[in-house]
Amino acid sequence: MKTITSNKEFKFNVSNSFDKLPVMSPTLLLTGENSLKWGQNKSLLRNRMQCRAVEVKNMPGYTMGKKFELEDVIEAQQFDRETLNAIFEVAKEMENIEKNSPGSQILKDTIRTVEGYSDIIVMRHFESGAAKRAAATAGIPIINAGDGPGQHPTQALLDVYTIEREIGKLDGIRVGLVGDLANGRTVRSLAYLLAKYQDVKIYFVSPDVVKMKDDIKEYLTSRRVEWEESGDLMEVASKCDVVYQTRIQRERFGERIDLYEEARGKYIVDENVLKVMQKHAVVMHPLPRLDEITVDVDADPRAAYFRQAKNGLYIRMALLKLLLVGW
């Protein structure tokens with residue numbers, strides 16, 4: 001983990017140091033599996049945190065001074081449908097803002113502090129549960145940007161937002177989750193969010209060595225969400241509104257190269273899969289991809305993964321606005 005300043009990098013062991021985590025105001029701690037140099041971070045922050053916006057007073061649904069009910073973004077279970085709807089409404093506003101307005105005033109106090117520090121910790125860590133432990137210590141908001149094989153809640157938010165934009169509804173949908181379901185934090189978080197909606201059915205399609213873990217299956221069952229495991233991608237694709245493909249992650253297999261090779265390439269979305277999919281259905285992927293979606297799929301209008309990635313900008317703009325400014 002690194003606390004980044006304009007001229008130095010201070011490193012310390014995240015997993016053993018949550019009780020010593022510095023709390024500074026204003027503060028930005030960028031932590032990651034792969035850290036960037038300060039100059040790269042500074043440019044990235046400027047690009048990502050400039051919400052191009054109209055005046056706050058002109059934003060629909062915004063109440064000056066009303067605090068966002070969530071202090072952190074740690075796991076998908078923390079959201080209810082009302083909160084999800086509110087986040088998605090703000091994300092739609094951010095989409096219009098980003099496309100139509102030359103500059104933002106919403107976060108201009110925050111933008112000043114980006115010159116040195118900011119006031120949210122965005123944390124990616126290799127260990128499941130790390131973000132939750134950090135949130136228990138930090139006095140400023142924590143956004144979990146992925147904790148090992150645990151969760152990736154902001155990805156799940158943009159995924160559900162994308163499904164709503166692409167399919168037009170969230171109740172009554174059929175979703176196929178494909179690939180590394182045992183280690184894929186994106187599909188775990190997505191399953192938690194899909195459980196908020198009515199009459200949803202989830203199909204799990206994966207090699208035997210990376211099947212969805214029992215905790216997710218038990219959670220879905222407890223929420224009366226229908227789920228089914230299948231080894232037939234073509235059959236599942238013909239039934240689903242969404243085929244959500246994920247990559248087989250080499251790094252999750254450690255020394256077991258044999259298991260990685262066994263799982264890799266078993267389920268690939270290609271033109272044959274597209275042929276059996278319904279006309280309204282879409283293919284999604286959290287990206288980056290390897291060979292689990294062939295490049296010829298990109299030209300099909302049902303390939304939603306690049307639009308999905310763009311929606312991530314709007315969702316994360318919305319979260320920054322809601323956590324820093326309020327509704």
*Quick check: does any side chain N or O of R302 sit under 3.5 Å from a backbone N or O of M277, one acting as donor and the other as acceptor?*
yes
*Only pairs at least two apart or in different chains count here, so list each side chain to side chain donor-acceptor pair (under 3.5 Å) that has a residue in residues 264-275.*
none
*Kindly work out whether a path of hydrophobic side-chain contacts (I/L/V/M/F/W/Y, heavy atoms less than 4.5 Å apart) joins L194 to Y305.*
no
*Polar side-chain atom of D72 near backbone of I74 as donor-acceptor pair, under 3.5 Å*: no
*Would you say the side chain of V210 lies within less than 4.5 Å of the side chain of L181, judging by non-hydrogen atoms?*
no
*Taking the side chain as every heavy atom from C-beta outward, state whether T154 and V73 have any pair of such atoms under 4.5 Å apart.*
yes
_Candidate pair V269 and T294, rule side chain to side chain contact (heavy atoms under 4.5 Å, CB included), full reasoning_ = CA-CA 7 Å; V269 174; T294 58; over 6 Å; no
*Compare all side-chain heavy atoms of W227 with those of F204 and state whether any distance is below 4.5 angstrom.*
yes
_Run E166 and R307 through salt bridge (Lys or Arg N to Asp or Glu O under 4.0 Å) and show every step you take._
CA-CA 9 Å; E166 296 285 333; R307 299 189 294 274; 2.7 Å; yes
*asked:* Taking S206's backbone N and O only, do any of them form a donor-acceptor pair with K211's side chain (distance below 3.5 Å, no angle check)?
replied: no
*Going only through I, L, V, M, F, W and Y residues with side-chain contacts under 4.5 Å, is there a path from L313 to F306?*
no
*Does any non-hydrogen side-chain atom of L323 lie less than 4.5 Å from one of I120?*
yes
*Got I293 and R247 here, is their nearest side-chain heavy-atom distance under 4.5 Å?*
no
_Under 3.5 Å: donor-acceptor pair, side chain of E95, backbone of A91_ = no
*asked:* Between T83 (side chain only) and F79 (backbone N and O only), is there a donor and an acceptor less than 3.5 Å apart?
replied: no
*Is any side-chain heavy atom of I167 less than 4.5 Å from a side-chain heavy atom of V282?*
yes
*In plain terms, say whether E164 and K169 are close enough for a salt bridge, that is, a side-chain N and a carboxylate O under 4.0 Å apart.*
no
*Kindly indicate, with the supporting measurements, whether the criterion side chain to side chain contact (heavy atoms under 4.5 Å, CB included) is fulfilled by I248 and E292.*
CA-CA 8 Å; I248 303 296; E292 63 275 1; over 6 Å; no
*Shared ILVMFWY cluster between L84 and Y244, side chains joined below 4.5 angstrom?*
yes
*Salt-bridge contact R188-D215 (side-chain N to carboxylate O under 4.0 Å)*: yes
*Residues E89, K92; criterion salt bridge (Lys or Arg N to Asp or Glu O under 4.0 Å); working and verdict*: CA-CA 5 Å; E89 283 302 311; K92 290 174 185 175; 3.7 Å; yes
*Does any N or O in the side chain of Q308 come within less than 3.5 Å of the main-chain N or O of D159, such that one atom is a donor and the other an acceptor?*
no
_Over 60° means perpendicular and under 30° means parallel, so tell me whether Y219 and Y192 are parallel, tilted or perpendicular._
perpendicular
*Checking side chain to side chain contact (heavy atoms under 4.5 Å, CB included) for the pair L319/L157: CA distance, chi angles, key distance, verdict?*
CA-CA 10 Å; L319 289 175; L157 287 170; 3.9 Å; yes
_Rounded distance [0.5 Å steps], CE in M94 versus CG in N311_ = 14.0 Å
*Output yes when a side-chain donor or acceptor of T186 lies under 3.5 Å from a complementary backbone atom of P286, and no otherwise.*
no
*Where do V200 and Y197 land on the side chain to side chain contact (heavy atoms under 4.5 Å, CB included) test, with the steps shown first?*
CA-CA 6 Å; V200 170; Y197 297 92; 3.8 Å; yes
*Quick one: does R124's side chain have a donor or acceptor within less than 3.5 Å of a partner on A145's backbone?*
yes
*asked:* Can you tell whether the side chains of E93 and K321 come within less than 4.0 Å, N to carboxylate O?
replied: no
_For the backbone of H152 and the side chain of S189, can you confirm whether one donor and one acceptor N or O come within less than 3.5 Å of each other?_
yes
*Is there a salt bridge (Lys or Arg N to Asp or Glu O under 4.0 Å) between R185 and D180 once you walk through the steps?*
CA-CA 9 Å; R185 57 197 175 201; D180 186 349; over 6 Å; no
*Are L233 and V175 co-members of a hydrophobic cluster defined by side-chain heavy atoms under 4.5 Å apart?*
no
*In sequence, state the C-alpha distance, the side-chain angles, and the governing distance for D232 and S230, and then conclude on side chain to side chain donor-acceptor pair (under 3.5 Å).*
CA-CA 6 Å; D232 191 335; S230 174; 5.9 Å; no
*asked:* Determine whether a donor-acceptor pair (N or O, by modelled atom type, separation under 3.5 Å) exists between the side chain of D171 and the backbone of Q198.
replied: yes
*Atom NZ in K196, atom CD in E82: separation rounded to 0.5 Å?*
12.5 Å
_Is it the case that over 12 heavy atoms from other parts of the model lie below 6.0 angstrom from the NZ atom of K239?_
yes
*asked:* I'd like to know if V225 and I163 are part of one continuous hydrophobic network [Ile/Leu/Val/Met/Phe/Trp/Tyr, side-chain heavy atoms within less than 4.5 Å].
replied: yes
*Given K217 and E229, is the salt bridge (Lys or Arg N to Asp or Glu O under 4.0 Å) satisfied, shown in steps?*
CA-CA 10 Å; K217 297 174 186 175; E229 289 187 311; 2.8 Å; yes
*If you round to the nearest 0.5 Å, how far is CZ of R174 from OG of S238?*
13.0 Å
